[in-house]
Amino acid sequence: MRFDPWNPEFVAHPYDVYDELRRERPVSFFEPTGQWLIARHADVNALLRDRRLGRSYLHVATHQEFGKPGDPEFQDPFWRVIRAGMLDVEPPVHTRLRRLVSKAFTPRMVEALRPKVARIAGELVDAFVERGGGDLISEVAEPLPVTVIAEMLGVPEADRHLLRPWSADICGMYELNPSVEAQHTAVRAAEEFSDYLIGLARSRRANPGDDLISALALVAEEGDKLTEEELVGTCVLLLNAGHEATVNVTGNGWWSLFRNPAELDRLRADHGLLPTAVEEMMRWDTPLQMFERWVLEDISVGGFDIPRGTEVALLFGSANRDPEVFADPDRLDVGRVDNPHISFGAGIHFCLGAPLARIELIESFGALLRRAPKLELAAEPVWGSGYVIRGLESIQVRV
Ligand code: HEM
């Protein structure tokens, strides 16, 4: 098999192909997307921190200067929302936007949320156990992070069911060469989500609560630190990034444990291993397989000259199995201590929500281990179609 992100077999198990890439072609040109694939941990890590690359080029050049056709006009509403969030901008705008919300996500701030996260996880798991099991994704993995981030931002309970479909549709645009239909679906979702948040922010500005949307709406009112468009972009980003990957780590993580029963037994016997186990599950079956960067100045990687105007695809899933960095990398080891995995990224865009994600994962795995000590797989799980954002569609289990 070759690197083929549109082939379900490759998506289900990309790791042998990664092995070959790391050994034989650690830097290689991938014709179908016109990107350079970067397979080794050292290169992925270095490029994420290299300011000669960026998530966007629009702060230093126009589409024309980069020889790109630009986005089709129908996508305008999508990019207006997405490029108003910190993930798709570079300094100085990135620095300003990240500073505005980073206070809410420091390890100390999110540690204070732990009892609440534990309570929500406990309630979800209790109900799940009472039913005798079911689909772990839709009944536990999804509702936990969605509830937590929605509560932080102050999205009313009655509207929360809207978040997951909007987010999933928006994420469709991030897959490699998305279909025209997926592009239209993403644009529509971005428009609806944006309209919804504008309404919510305006009502909070008039009537503030103790939540992040109110806080940002008040900052936006002052005018110079945050525009209304940036407020919406920030909230869309937080609500999407705040649950997508966490859902996938939960599903992929349980599936990893079921495939490695000795490690599951080890974790069952010692819940104190949860912090290292969560990091290891994020490494062993990486939820976000690939991130892209634009080359803003000519660079050289592994002996290849990569010119300005090119895109590199950083293969996180491959970096996380690199034997140069991880001892016995294909082994799932829930007690692995030396684990510099790249799943939260690196450099200025390093995941803002990492401390929160860690708490959510430890509390959700912990609640299931305690209250369903004999949890077992009821059917072979099925991978979703995404490669970049890679997770199981469902995972049926019995308690
Ligand atoms: C296990 C779960 C998670 C994983 C694996 C993950 C992974 C990542 C990665 C890899 C990036 C950087 C992307 C890049 O450099 O191109 C990122 C950025 C980000 N993540 Fe997460 N994330 C997770 C959970 C969360 C949560 C719970 C939040 C909650 C708010 C969050 C918010 C963000 C934000 C705001 C950014 C953009 C940071 C910036 O551009 O400066 N993430 N995440």
Side-chain angles (χ1 to χ4, degrees), residues 38 44-45 47-51 53-56 82-107 109-110 113 117 141-142 144-153 155 163 167 171 174 212-213 216 230 233-253 277-294 311-317 319-320 341-365 388-391:
I38 311 292
V44 170
N45 189 32
L47 293 179
L48 281 170
R49 296 164 194 273
D50 192 330
R51 299 295 301 283
L53 293 95
R55 288 217 20 128
S56 167
I82 299 305
R83 294 201 177 115
M86 76 185 88
L87 184 54
D88 281 85
V89 289
E90 295 293 312
V93 181
H94 173 266
T95 322
R96 172 171 56 83
L97 294 178
R98 185 157 171 137
R99 194 170 292 151
L100 277 175
V101 284
S102 58
K103 278 190 225 93
F105 290 94
T106 59
M109 285 299 280
V110 295
L113 292 174
V117 175
E142 272 176 18
L144 175 63
V146 169
T147 307
V148 171
I149 193 70
E151 286 201 1
M152 275 182 91
L153 274 113
V155 174
L163 301 177
S167 167
C171 286
Y174 291 120
L212 206 48
I213 292 183
L216 292 173
E230 287 168 343
T234 300
C235 293
V236 168
L237 172 65
L238 289 173
L239 288 163
N240 289 359
H243 79 270
E244 280 292 342
T246 321
V247 174
N248 289 340
V249 176
T250 315
N252 299 5
V278 161
E279 300 302 314
E280 179 67 344
M281 289 187 271
M282 291 184 56
R283 178 193 75 82
W284 195 74
D285 213 358
T286 308
L288 303 163
Q289 287 283 320
M290 194 197 92
F291 274 94
E292 295 152 325
R293 288 292 187 270
W294 287 100
E311 213 178 5
V312 292
L314 310 174
L315 303 179
F316 282 24
N320 280 341
H341 68 71
I342 208 94
S343 296
F344 283 124
I348 62 165
H349 292 286
F350 180 83
C351 179
L352 180 71
L356 177 61
R358 288 182 162 125
I359 289 178
E360 289 175 344
L361 290 164
I362 288 173
E363 294 304 328
S364 128
F365 277 91
V388 175
I389 300 172
R390 176 170 167 278

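Both backbone and side-chain heavy atoms feed into the values below; hydrogens, waters and symmetry mates do not. Counting starts at 1 for both ligands and their atoms, following the listed order.
Judged purely by distance below 3.5 Å, without hydrogens or angles, the side chains of Glu279 and His341 pair a donor atom with an acceptor atom. For the 3.5 Å distance criterion, the side chains of Glu244 and Ser167 qualify, holding a donor opposite an acceptor.
Close approach of ligand 1 to Leu87 (heavy-atom distance below 4.0 Å) involves ligand atoms 13 (C), 37 (C), 40 (O). For ligand 1, the atoms sitting less than 4.0 Å from at least one non-hydrogen atom of Phe316 are 10 (C), numbered in the order shown with element in parentheses. Of all atoms in ligand 1, listed by their number and element, those nearer than 4.0 Å to a heavy atom of Val249 are 1 (C). Ligand 1 places these atoms under 4.0 Å from at least one heavy atom of Ser343: 5 (C), 7 (C), 10 (C). Short contacts between ligand 1 and Leu238, defined as distances under 4.0 Å to a heavy atom of the residue, involve ligand atoms 30 (C), 35 (C). Near Gly242, meaning under 4.0 Å from one of its heavy atoms, ligand 1 places the atoms 26 (C), 27 (C), 28 (C), 29 (C). Shown in contact with Met86 at under 4.0 Å from a heavy atom are these atoms of ligand 1, numbered in order with element: 38 (C), 39 (C), 40 (O), 41 (O). Near His94, meaning under 4.0 Å from any of its heavy atoms, are these atoms of ligand 1: 39 (C), 40 (O), 41 (O).
In summary, Arg293 and Asp50 do not engage in a salt bridge, as defined by a charged side-chain N under 4.0 Å from a carboxylate O.
The main-chain N or O of Cys235 is never found under 3.5 Å from a side-chain atom of Asn240 such that the two would form a donor-acceptor pair. A donor-acceptor contact shorter than 3.5 Å is absent between the side chain of Thr95 and the backbone of Pro91. Glu90 places a side-chain N or O within 3.5 Å of a backbone atom of Arg55 that can act as its donor or acceptor partner. Side-chain atoms of Thr286 never come within 3.5 Å of backbone atoms of Ser343 as a donor-acceptor pair (strictly under, hydrogens ignored). The main-chain N or O of Leu239 is found under 3.5 Å from a side-chain atom of His243 such that the two form a donor-acceptor pair. Under a 3.5 Å cut-off, the side chain of Thr106 and the backbone N or O of Ser102 do not form any donor-acceptor pair.
Looking at Thr246 against ligand 1, both its backbone and its side chain come within 4.0 Å, counting heavy atoms. For Phe344, heavy-atom contacts with ligand 1 shorter than 4.0 Å involve the backbone as well as the side chain.
When the options Ala241, Gly85, Ala357, Pro145 are ranked by their closest heavy atom to atom 25 (C) of ligand 1, first place goes to Ala241.
Considering NE2 of His94 and CG of Asp88, their distance stands at 10.0 Å, rounded to 0.5 Å. Remark: Asn45 CG to Phe316 CZ distance equals 9.5 Å, nearest 0.5 Å. For the atom pair CD1 (Ile362) and CZ (Arg358), the distance works out to 8.5 Å, reported to the nearest 0.5 Å. Asn320 CG to Leu288 CG: the interatomic distance, rounded to the nearest 0.5 Å, is 10.5 Å.
Heavy atoms of His243 come nearer than 4.0 angstrom to ligand 1 in no pair at all. Within the 4.0 Å heavy-atom cutoff, Ile348 counts among the residues contacting ligand 1.
The closest protein non-hydrogen atom to atom 42 (N) of ligand 1 is Cys351 SG, 3.0 Å. Shortest contact from atom 34 (C) of ligand 1 to any protein heavy atom: Leu352 CB, 3.9 Å. At the top of the distance list for atom 30 (C) of ligand 1, counting protein heavy atoms only, stands Phe105 CE2, 3.4 Å. Closest to atom 4 (C) of ligand 1 among all protein heavy atoms lies Ala245 CB, 3.4 Å. In terms of protein heavy-atom proximity, atom 13 (C) of ligand 1 is closest to Phe291 CE2, 3.6 Å. Atom 38 (C) of ligand 1 has as its closest protein heavy atom Arg98 NH1, 3.4 Å.
The shortest N or O to N or O distance between Arg55 and ligand 1 is below 3.5 Å. Between His349 and ligand 1, at least one N/O pair is under 3.5 Å apart. Polar contact with ligand 1: present for Arg293 (N/O pair, distance under 3.5 Å).
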